[in-house]
Amino acid sequence: MLPPWRDAPSEHLETLIPNQMQWDFVLVCDKHKPGSKKDDKRKEFLEELKNKGFQLKKIEDKKLFWGIRAPSEIFPKYQWLVGNPDKGWQNQDKQEGVPITTRIYVVNFILQHTRISSGECLWKLIKEKVFEAAFPLHESEERRKSLKMFWAPWRRKKCKEEIETSRNYFGEKVALYFAWLGWYTYILLLAAVPGIFLFLYGIFHFNSSQVSKEICEANTTIMCPLCDQKCPFWQLSDTCTYAKVTHLFDNEGTVFFAVYMALWATVFLELWKRKRAKVVSGWELYRWDDDEEELALQLINDPNYKLRKYQHSYAGSTAVLLLVLLMIAVLIGIAHALVIYRVMATVIFTKSDSEFLRERADTLAVVTGAVLHYVTIVIMTKVNRRVALLLCDLEEPRTFCEREKIFTVKFFTFQFFTYFSSLIYVAFFLGRINGRPGNYVRVAGKWRLEECHPSGCITDLFIQMVIIMGLKQTLSNFVEYLSPWVMLKFRMCCASPKSNGEEEQQDPCKEEWLRNYQLNDVNIFSLFDEFLEMMIQYSFTTIFVAAFPLAPLLAFFNNCIEIPLDNYKMVWLQRRMVPRRANDIGIWLQVLEAIGILAVIGNGLVIAITSDFIPMQVYKYAYSPCVLQNRTDIDCLTGYINNSLSVFHIKDFEWQMKLPEKLPDFMNGITKCRYQDYRNSDDYSYSVQFWHVFAARLAFLILFEHVALCIKLIAAWYVPDISLTVKNKHLEEKYKNLQSRLSDSAVVTGITWIVSSMDRSTEV
């Protein structure tokens, strides 16, 4: 009796593949010395493939190329075991039998799990230079030209067709990436518009802010020096422009925008879950099971495969956790090094002979520190990747999917601290742990920590975000797409040109294989870099958006360019990705949910701690002339700047303080200077107002986070994960299946009754 998969008509067992796809995979290796260890391993691996029924074709050039073609019977077997996952394939590219994407995926799995006598599989052989590369072939240029991916909000219907085309060529995982990226870009419009209005509100009130006016008119307010080594005293009015810029994004609408963004992040995720359910239901992959598919492929590759069960080691997990914490500590240490740089840069710029540098010492220190931070990001990204892979290997994941999830969590965690450690310091610690005149906190007992501007530290955070996000979306993207293009052109130029006679005699497969070989290699975790880039962008767009309301707008413009460039890179600059089946975006969904929670906490802290919103409200309703003098004819923030500055007696400076030999004219007869804090002028202890502000900050933080989290929960409840259309579709399918089983049961019961009746009549 034949197995069930052999009952199918023979014409369905062989997919009719175009000439350029005659071979499922191509292996490339150097010409090893005959009899060498590498040569023996290569021969043994190829012999193992032959024993499994694979067809091989050898082409010799500067390197050796081996075409791999799988036996036809493994694909119906695969479809039978996993329930025919290709039944939802409804497009003109569907060929008889098995789609090309399925062929590539199955063949790749078998290649990766074919082992030689030493126990080494393909990726280890590639690591040992036995083979150089293994890749599937791209289709014809005409076919690839149809793979255009361009996003715009007015052509969403066309995007659906493009996503389906992408699925037909790259598989469901890539198609879901473009579906998610398109949806994310579309929803970014709803975040960008309020951010623009908030910024425009700041522009319209650029010159009307009471706080800015007081700073600009404070030419008699003498501020304490910003460093110890002969730094000058300065007038508060010198920072007039800085104060006005701060009001652009730190104004009355910032709180409401932060709450709105917390709601936006929740609604975005819930709506994406609905869209994902609709898309994968159309592909009939809603209940797809990765573990079941993995087991089916293992049994196809080796019928004697022994099940590898889930395992957990508390000792191993503890060791990995400690190593992760150690790496995070290193990343935080790098952030501290950046702090020291800014402290030293402030001193150097303040002592400069250039008036331009002296007047803008703080701003230049922040700007150059942000650029240096970006350089450390570029360097540490490579280090983080290697460390994450090492930790991933220590955990010995059971399957490829599990390995990808473990690597993703660790690498994203390292990248998050690489990007945001410095921003967290600027947002929540800058100017709050530096001490006071006469008792400064010093690095190595020498350099004073930085101070905040009297109008708040939020502008420093804004500058950091603009530079890092701007460089990430311009310079990094430029390198990301220019580098593979340059490398491809270089390899094409280095390829030796053939004479006309040689071109005529050349095997048609050889030209195709060489052209695919010259393309750039693909990350083993396909789409990892693309998703990681978007997660970092999403973090910038949500976590500190209160300090940079234009972040969603920049992200929107970046993504409109990112979508077609990603498509171009995958189709024309890189070797063909191995198609992978999927019914969601995997672990990245949990990453998005974690970022959403951090966004609520981060924006609450930015408003409560970084911004001067709370101190201004405390002054307005407890210490302003409107309250103390019952006045209604003036702005209630009148006198806020003078109230927020404490007095310091110059004679009380520390011994490290070296005042300039020549004091400016406005210092004649001056014995006091001002600094930002709420302290008494006699003993420099905290004033009562400090504790009022502290209590108000804490109360606002608790209230904001609870309200925002409640709004997130209500939004998550109000917007179902799955639409009624999808639910009813699956309900109808279950109903029809049960009806079919019931009718089949009735038929079987009837046949059984007839047979039993005949048996009884025979006995009689």
Side-chain angles (χ1 to χ4, degrees), residues 190-191 194-195 197-199 201-202 246-270 416-417 419-433 452 455-462 464-465 469 535-552 555 591-621 690-716:
L190 301 179
F197 280 122
L198 180 64
F199 188 73
Y201 175 84
T246 300
H247 187 67
L248 289 177
F249 34 84
D250 186 12
N251 51 57
E252 293 79 1
T254 304
V255 177
F256 301 102
F257 182 63
V259 175
Y260 172 81
M261 287 303 296
L263 175 63
W264 174 87
T266 302
V267 172
F268 159 65
L269 281 181
E270 296 303 316
F416 182 85
F417 279 95
Y419 274 90
F420 291 98
S421 291
S422 182
L423 292 176
I424 290 172
Y425 167 78
V426 172
F428 309 133
F429 297 99
L430 178 63
R432 292 166 182 81
I433 58 173
C452 278
S455 60
C457 285
I458 199 167
T459 302
D460 296 325
L461 179 60
F462 167 77
Q464 287 266 348
M465 289 189 64
M469 190 174 181
M535 294 302 131
I536 296 297
Q537 182 200 90
Y538 184 73
S539 301
F540 275 109
T541 306
T542 53
I543 295 179
F544 294 116
V545 71
F548 187 23
L550 294 181
V591 172
L592 288 170
E593 291 176 342
I595 293 173
I597 296 173
L598 290 175
V600 174
I601 299 173
N603 285 301
L605 289 171
V606 167
I607 297 172
I609 297 177
T610 313
S611 168
D612 266 8
F613 174 78
I614 299 301
M616 286 192 291
Q617 300 308 310
V618 171
Y619 175 80
K620 185 175 181 179
Y621 294 104
F690 169 84
W691 298 109
H692 287 172
V693 172
F694 179 82
R697 289 183 191 272
L698 184 61
F700 172 83
L701 180 61
I702 296 173
L703 180 64
F704 175 87
E705 293 188 355
H706 280 71
V707 170
L709 287 174
C710 286
I711 291 175
K712 283 175 66 65
L713 292 174
I714 293 172

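Everything numeric here is computed off the predicted structure, so don't read it as measured data.
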Exercise. Do Phe416 and Met535 pass the side-chain contact (heavy atoms from CB on, under 4.5 Å) test, and can you show the C-alpha distance, the side-chain angles, and the key distance before you say yes or no?
Worked result: CA-CA 9 Å; Phe416 182 85; Met535 294 302 131; over 6 Å; no
Problem set entry | Nearest heavy atoms of Ala258 and Asn603, plus distance in Å | CB-CB, 4.0 Å
Exercise. What distance separates Asn251 CG from Thr246 OG1, expressed to the nearest 0.5 Å?
Worked result: 11.0 Å
Seminar exercise, completed: Separation between CD1 (Ile607) and CG (Asp250), nearest 0.5 Å, reads 9.0 Å
Exercise. Side-chain contact, heavy-atom cut-off 4.5 Å: Tyr260 with Leu198?
Worked result: no
Exercise. Once you round to the nearest 0.5 Å, how far does CD1 of Ile597 lie from CG of Leu709?
Worked result: 7.5 Å
Problem set entry | Worked check of side-chain contact (heavy atoms from CB on, under 4.5 Å) between Leu605 and Leu701 | CA-CA 7 Å; Leu605 289 171; Leu701 180 61; 3.5 Å; yes
For this session: Could you walk me through whether Val255 and Phe613 pass side-chain contact (heavy atoms from CB on, under 4.5 Å), step by step?
Result: CA-CA 9 Å; Val255 177; Phe613 174 78; 3.6 Å; yes
Exercise. Are any non-hydrogen side-chain atoms of Leu263 and Val259 less than 4.5 angstrom apart?
Worked result: no
Problem set entry | Min side-chain heavy-atom separation Phe429-Ile424 under 4.5 Å | yes
Exercise. Who pairs with Phe704 by ring pair (Phe, Tyr, Trp, His ring centres under 6.0 Å), at least two apart in sequence or on another chain?
Worked result: Phe700
Exercise. Between Phe540 and Val545, is any pair of side-chain heavy atoms under 4.5 Å apart?
Worked result: no
Exercise. Between Thr610 (side chain) and Ala427 (backbone), is there a donor-acceptor pair under 3.5 Å?
Worked result: yes
Exercise. Would you say the side chain of Phe420 lies within less than 4.5 Å of the side chain of Ser539, judging by non-hydrogen atoms?
Worked result: yes
Exercise. If we only count heavy atoms from C-beta on, is the Tyr538 to Phe268 side-chain gap below 4.5 Å?
Worked result: yes
Exercise. Closest heavy-atom contact between Met261 and Pro552?
Worked result: CE-CG, 4.3 Å
For this session: Classify the ring geometry between Trp691 and Phe694 as parallel (under 30°), tilted (30 to 60°) or perpendicular (over 60°).
Result: perpendicular
Problem set entry | Pairing residues for Phe462 by the ring pair (Phe, Tyr, Trp, His ring centres under 6.0 Å) criterion, not counting sequence neighbours | Phe249, Phe548
Exercise. If you measure from CD on Glu705 to NZ on Lys712, what distance do you get to the nearest 0.5 Å?
Worked result: 12.0 Å
For this session: List the atom of Ala696, the atom of Ile614, and the distance in Å for their closest heavy-atom pair.
Result: CB-CG2, 3.6 Å
Exercise. Between Tyr201 and Leu248, is a side-chain contact (heavy atoms from CB on, under 4.5 Å) present by the stated rule, with each step listed?
Worked result: CA-CA 7 Å; Tyr201 175 84; Leu248 289 177; over 6 Å; no
Exercise. Do you know which two heavy atoms are closest between Thr254 and Ala546, and how far apart they sit?
Worked result: CG2-O, 3.6 Å
For this session: Would you name the heavy atoms of Pro615 and Arg697 that are closest together and state the gap between them?
Result: CG-NH2, 3.1 Å
Problem set entry | Minimal non-hydrogen separation, Ala547 against Leu461, with atom names | CB-CD2, 3.4 Å
For this session: Measure the spacing between CG of Leu713 and OG1 of Thr266 and express it to the nearest 0.5 Å.
Result: 8.0 Å
